[in-house]
Participant: 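Mind having a look at this structure? Questions to follow.
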Amino acid sequence: MKKMLVVYYSWSFNNTKEIAEMLAEACGADIARIETVKAYQGSYDEVVSQGQKEVDAGFLPKIKAIDKAIADYDVIAIGTPTWWYTMAPAVHTFLNENDFSKKTVIPFMTNAGWSGTVIRDMKKECNAEKVLMDQEFTFSSQKNQRTLMMTEDVVLKKWIQNILNYLQ
Ligand SMILES: Cc1cc2nc3c(=O)[nH]c(=O)nc-3n(C[C@H](O)[C@H](O)[C@H](O)COP(=O)(O)O)c2cc1C
């Protein structure tokens, strides 16, 4: 059985965390959270503006080391929220700092309806040996973007099952 690590970044509502935890639990995988060294400060709208500046500038924030070694795993599932149509800057840093050239990467993302080029950008940045089963999850823009759309629930179950089959 292949060994999987689920790595994720989550800032707004723990949407990405929720997906990451469900995946890790269903697959018996290890899990690690990406965190910036300097926490984002201010209101949601202020961070949305700061995020835009960072994305536009290609800024790579410093991130804390995760307590797992990429080298120990065959498959790395990497989750990000959508920030200005691409991955969150912290995930950009993570992809830049690690070597996935002998790994299978499963990119996944959450969004509020404007998914942009997140998956394409992650594929390009990670330089993985294989990229498989990439998946987008849209959270409803009602209820403060905290609710996974009903249709996505089916997608989530199917995605997890496909990953489980792949790990066998
Ligand atoms: C800085 C910032 C930029 C965002 N840009 C987008 C965007 O371009 N498209 C989109 O659909 N949602 C965007 N969102 C909404 C988040 O992607 C969405 O709510 C996501 O599910 C949050 O995940 P999290 O709770 O794991 O942080 C943005 C949120 C933030 C904070």
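Count residues from 1 along the sequence. Since this is a predicted model, take the numbers as computed values, not measurements. Read the numbers this way: they start at 1 and go in the same order the structure lists the ligands and their atoms.
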Participant: Which atoms from ligand 1 have a heavy atom of Ala112 less than 4.0 Å away?
Facilitator: 10 (C), 11 (O), 12 (N)

Participant: Would you be so kind as to tabulate the donor-acceptor pairs closer than 3.5 Å made by side chains of residues 46-64, with sequence neighbours excluded?
Facilitator:
from: Glu46; atom 1: OE1; to: Ser43; atom 2: N; distance (Å): 2.8
from: Ser49; atom 1: OG; to: Asp45; atom 2: O; distance (Å): 3.2
from: Gln50; atom 1: NE2; to: Glu54; atom 2: OE2; distance (Å): 2.9
from: Glu54; atom 1: OE1; to: Tyr40; atom 2: OH; distance (Å): 2.6

Participant: Search all heavy atoms of Ile119 against all heavy atoms of Gln135 and return the closest pair with its distance.
Facilitator: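 Minimum heavy-atom separation between Ile119 and Gln135: CD1-O, 4.0 Å.
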
Participant: In terms of ring plane angle, is the pair Phe13 and Tyr44 parallel, tilted or perpendicular, where the classes change at 30° and 60°?
Facilitator: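 Parallel.
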
Participant: Does atom NZ of Lys124 have more than 12 heavy-atom neighbours, drawn from other residues, nucleotides or ligands, at distances under 6.0 Å?
Facilitator: no

Participant: Closer than 4.0 Å to some heavy atom of Thr110 - which atoms of ligand 1 meet that?
Facilitator: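 Those qualifying, in numeric order: 17 (O), 20 (C), 21 (O), 22 (C), 23 (O).
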
Participant: Has Lys102 got more than 12 heavy atoms of other residues, nucleotides or ligands less than 6.0 Å from its NZ?
Facilitator: no

Participant: Under 3.5 Å between any N/O of Ser115 and any N/O of ligand 1: does that happen in this structure?
Facilitator: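 No, there is no polar N/O contact under 3.5 Å.
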
Participant: What are the atoms of ligand 1, with element, lying closer than 4.0 Å to any heavy atom of Thr16?
Facilitator: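 Numbered from 1, ligand 1 contributes 23 (O), 24 (P), 26 (O).
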
Participant: Would you mind listing every side chain to side chain donor-acceptor pair (under 3.5 Å) that reaches into residues 24-37, with sequence neighbours excluded?
Facilitator: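 Passing the test, one end in residues 24-37: Asn14-Arg33, Asp30-Tyr73.
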
Participant: Going by distance alone, is a donor N or O of one side chain under 3.5 Å from an acceptor N or O of the other, for Thr110 and Thr16?
Facilitator: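 Checked: Thr110/Thr16 side chains pair up, N/O donor to acceptor below 3.5 Å.
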
Participant: If the cut-off is 4.0 Å to any non-hydrogen atom of Val47, which atoms of ligand 1 fall inside it?
Facilitator: 1 (C)

Participant: What atoms of ligand 1 come closer than 4.0 angstrom to any heavy atom of Gly113?
Facilitator: 11 (O)

Participant: Counting only heavy atoms, which portion of Tyr44 has something under 4.0 Å from ligand 1: side chain, backbone, both, or neither?
Facilitator: side chain

Participant: Show me which atoms of ligand 1 lie under 4.0 Å from any heavy atom of Tyr85.
Facilitator: 7 (C), 8 (O)

Participant: Below 4.0 angstrom from a heavy atom of Ser10, which ligand 1 atoms are there? Numbered from 1 as shown, please.
Facilitator: 24 (P), 25 (O), 26 (O), 27 (O)

Participant: Relative to ligand 1, is Asn14 under 4.0 angstrom through side chain, backbone, both or neither, heavy atoms considered?
Facilitator: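 The answer is the backbone of Asn14.
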
